[in-house]
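To keep things clear, I will list the structure first and then write my remarks on it.
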Amino acid sequence: MAIRLIVTDLDGTFLSDFYQVSDKNIKAVRAAKEKGIVISACTTRNWAMAKGVIRWGEMNGLAACCNGASFVRVEDGFIINRHCLPRRSLQKLVQISLEYQAKVALYSHEQT
């Protein structure tokens, strides 16, 4: 059975601890693409934070961003699918976090 898809995490996997893409990884992506293999990323980052790395890394498949909450076509940034929390749920989460004086990090598709 031939490999048709490679999916990689970005931080600490495709990227070094210093947020650099190694020449070795770029060469591996190019070699895989020459064999017709699709290279995709799966990351906790939102699209705005991930797209530069994904494009720099020459990936050509879909990107699963925000822990899979959005799926984006790498070539043009088209949103294939996006799963959002309902406004009411989001408001409740923020309210509870404020009650407990917890830090809240909210991410959207394009910005933090």
* Donor-acceptor pair, side chain of Arg55 and main chain of Val74, under 3.5 angstrom -> yes

* Within-4.5 Å side-chain heavy-atom neighbours: Ile37 and Arg4 -> no

* Structure fact -> Taken to the nearest 0.5 Å, the spacing of Asn46 CG from Asn67 CG works out to 11.0 Å

* What pair of heavy atoms forms the shortest contact from Ala32 to Ile6, and how long is it? -> CB-CD1, 4.2 Å

* To do: Return the minimal non-hydrogen interatomic distance between Ala41 and Leu10, and the atom names on each side.
  => CB-CD2, 3.9 Å

* **Residues, nucleotides or ligands: over 12 heavy atoms within 6.0 Å of Ile3 CD1** => no

* **Min side-chain heavy-atom separation Val72-Ile80 under 4.5 Å** => no

* What about Met59 and Ile26, same hydrophobic cluster or not, with Ile/Leu/Val/Met/Phe/Trp/Tyr joined at side-chain heavy-atom distances under 4.5 Å? -> yes

* hydrophobic_cluster_shared for Val29 and Trp56, side chain cutoff 4.5 Å -> yes

* Rounded distance [0.5 Å steps], CZ in Arg82 versus SG in Cys66 -> 9.5 Å

* Asked: In Å and rounded to the nearest 0.5 Å, what is the NZ to OG distance from Lys103 to Ser97?
  -> 12.5 Å

* Quick one: CG on Asp11 to CE on Met49, what's the gap to the nearest 0.5 Å? -> 9.0 Å

* Asked: Considering all heavy atoms of both residues, which atom of Gly77 and which atom of Trp47 are nearest to each other, and what is their separation?
  -> CA-CZ2, 3.9 Å

* Asked: From Asp9 CG over to Arg45 CZ, what is the distance, rounded to the nearest 0.5 angstrom?
  -> 9.0 Å

* Between Asn25 and Thr13, what is the shortest heavy-atom contact and its length? -> ND2-O, 4.0 Å

* Asked: If every non-hydrogen atom of Lys33 is compared with every non-hydrogen atom of Glu58, which pair is closest and at what distance?
  -> NZ-O, 2.8 Å

* To the nearest 0.5 angstrom, please state how far the NZ atom of Lys51 sits from the OG1 atom of Thr43. => 14.0 Å

* Is the backbone of Val7 close enough, under 3.5 Å, to the side chain of Ser40 for a donor and an acceptor to pair up by distance? -> no

* Check: Ile39 main-chain N/O paired with Asn60 side-chain donor or acceptor under 3.5 Å -> yes

* Shortest non-hydrogen contact from Phe71 toward Ala64 -> CE2-CB, 3.5 Å

